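Reviewing the structure listed below.
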Amino acid sequence: MKKSAQIHKALTIFAYTVMLTGMTLLLAVVFRYPQNHLIPRQMIPGVGICVIALLAAGALWNNIYSLIGKRTPLYLLALVIFGVLLYITALSRQGNENTLLDYTYVYRDAMNLATGGTLEYTDYFVTYSNNLKPMLLLSVWFRVAVLLGISPFHFVLLRNVLLVLLVVWACGYLTEQKGDCRWRFPILLTFAFLLPLWDMVSVFYTDSMSFGLGILTLALLKKAGSAKTNRGKTLWPVLAGAVTVLAIIWKITAIIPLIACTMILLWQREKADRHVILSLVVSVIVFGVGLQLWANTYDVTRKAAVTANPVMSWVALGMKEDGSWTNNTELVEQMYQFSTKEEKQQYCVEYIRENKADFFNAEHLRKKASYNFANGNLGASAFLNVEQNDQTLIWEMFSPWGSYYWRTSQLCYCYLVSVYVLLWIGMLFSLRKVIRGQNTPSLLMICQLGFFGIVVFLMLWEASGRQLYNQMPGILLGGVLSIDYFWKNLSIKPRK
């Protein structure tokens, strides 16, 4: 083995060791300190049963697929049924904009612009400019609905449901290899069993509007790579570029899978189609600049450039306690004392410097990890009128006052943490493969690195269980691939 290859292998082993160690520590915290007042000794067996069930289902599905084959019409029918059920269930959530205060501001002012009115909450948007462009984009969706003479809620809900279906398709398409598409149906089921999805799809806030956009971009780029004509090699990257820009605007964490993909392909020295890459880059620049120029036509955008909270303010929010907004209101109130972004930036830098010892405190890291990753509800409760029963099953499941909240929290926790465990198993087998001088599937590596990326990000950023929601497509995809990888690496392999 050449020296360069030895160095490459050693660095890969080191990277996997770091990820596996971090994942082990994260699982230890998640198991010991679950959110929603769940009892660890009850949850650990539940997660174990769920992991065993998922692994067994993967083995069973291998045998079923060997018998029935692709059956694409059945898959498409299942996809349509899932979409219809998702839409019908979400119809009961109309009026959920009167819940999370940030969402209320975004929703109402988007509707104001769509109907020819003026902004009511200018002070909010010139302070929290991260929600300004999402509000402007949402106003466009509302305006189209108004022009068509249909309900804005029903119209944008359709957009969200179609996005979910596109992301499900994207995950299945990414797993296809030489016509083998055995995992697309199990992937569809993993989304169907993601209970918070049934509530969050009706929310037109940044988390749900950016759901899986990074994964969708990867699927579009795969389409571009497999295109046989120059037209296809141009069209698909242009679409991927547009989706990338939208992901950045809705919620920048949505592009984490794209960043992970870039890093993995560079590390593996994969050759990329220059025409595809050039088309993608040009598309991102054109759409990005175009949307920025459009946003600048609004006075509030120009004001926000001078007065908005800087990026560092969200890092500062995560420095103490559990890193959440609720437990750091002192910092939030202090930020209102400054009138310019430069003053706020200077204060945040000083605040971080003064509290860096608190950040590295083990108790702080433990609380923050638990807050971010040990809540299987993924923040769905934030979009319910929690004290007002609207007589829907969703309210009963996700409201702390609901009849099924305790059971729903248990199910969501067991499901989410079981996927964490599957990712951990995949990392363990990947490390073993690398030590033996063998390669790990690129897509699995992308999902693993993407999950590690969101973990690092949320440990540095303001803590929020909702931040994990738009990453769930990549996490679920990684879980399914880990099941496949588990069986492939055992001496007894169910695959024919």
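Every value quoted in this text rests on a predicted model; they were computed, and no experiment measured them. Each residue takes its place number in the sequence, starting with 1.
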| F383 six-ring face occupied by R93 cation (under 6.0 Å, within 45°) |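 Verdict for F383: no cation-pi partner in R93.
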| query | Within 45° of the axis and under 6.0 Å from the centre of the six-membered ring of Y33, does NZ or CZ of R366 qualify? | reply |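 Here R366 passes the 6.0 Å and 45° test against Y33.
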[X] side chain to [Y] backbone, donor-acceptor under 3.5 Å:
| X | Y | result |
| --- | --- | --- |
| T262 | L258 | yes |
| T115 | N112 | yes |
| Y413 | Q35 | no |
| W461 | G323 | no |
| S279 | T234 | no |
| K222 | A170 | no |
| T307 | V126 | yes |
| Y420 | F373 | yes |
| S208 | Y205 | yes |
| N372 | L458 | yes |

| field | Over 12 foreign heavy atoms within 6.0 Å of CH2, W325 | value |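 At most 12 heavy atoms, drawn from other residues, nucleotides or ligands, come within 6.0 Å of this atom.
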| message | Other residues, nucleotides and ligands only: do more than 12 of their heavy atoms fall within 6.0 Å of CZ on R159? | response |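 Enclosed.
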Less than 4.5 Å apart, any side-chain heavy atom of [X] and any of [Y]?
| X | Y | value |
| --- | --- | --- |
| Y298 | L132 | no |
| N36 | N375 | yes |
| K133 | Q292 | yes |
| R143 | L113 | yes |
| Y173 | K223 | yes |
| Q471 | V455 | no |
| F359 | K368 | yes |
| Y107 | F142 | yes |

| task | Flag the pair W424 / Y485 as yes when their ring centroid distance falls below 6.0 Å, and as no otherwise. | result |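 When the ring centroids of W424 and Y485 are compared, they turn out to be at least 6.0 Å apart.
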| Do the ring centers of W141 and F204 come within less than 6.0 Å of each other? |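 No, the ring of W141 stays outside the 6.0 Å limit from the ring of F204, centre to centre.
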If you measure from [atom1] on [X] to [atom2] on [Y], what distance do you get to the nearest 0.5 Å?
| X | Y | atom1 | atom2 | result |
| --- | --- | --- | --- | --- |
| Q334 | S313 | CD | OG | 13.0 Å |
| S92 | I394 | OG | CD1 | 6.0 Å |
| I39 | I44 | CD1 | CD1 | 12.0 Å |
| I256 | K251 | CD1 | NZ | 11.0 Å |
| D109 | Y121 | CG | OH | 7.0 Å |
| E462 | F457 | CD | CZ | 9.5 Å |

| request: Report the C-alpha separation of I483 and L422 in whole Å, then their side-chain angles, then the decisive distance to 0.1 Å, and conclude whether the side-chain contact (heavy atoms from CB on, under 4.5 Å) test is met. | output: CA-CA 7 Å; I483 293 174; L422 291 175; 3.9 Å; yes
| query | By side-chain contact (heavy atoms from CB on, under 4.5 Å), which residues pair with L74, not counting sequence neighbours? | reply |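 Testing L74 for side-chain contact (heavy atoms from CB on, under 4.5 Å), a comparison that skips the adjacent residues, returns R71.
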| field | Stepwise side-chain hydrogen bond (donor to acceptor under 3.5 Å, both in side chains) test for N131 and T206 | value | CA-CA 8 Å; N131 280 333; T206 54; 4.6 Å; no
| query | Can you check side-chain contact (heavy atoms from CB on, under 4.5 Å) on Y75 and C181, steps first, answer last? | reply | CA-CA 11 Å; Y75 170 73; C181 51; over 6 Å; no
According to the interplanar angle, ranging from 0 to 90°, do the rings of [X] and [Y] count as parallel (below 30°), tilted (30 to 60°) or perpendicular (above 60°)?
| X | Y | answer |
| --- | --- | --- |
| Y415 | F193 | perpendicular |
| Y128 | Y336 | perpendicular |
| F211 | F191 | perpendicular |

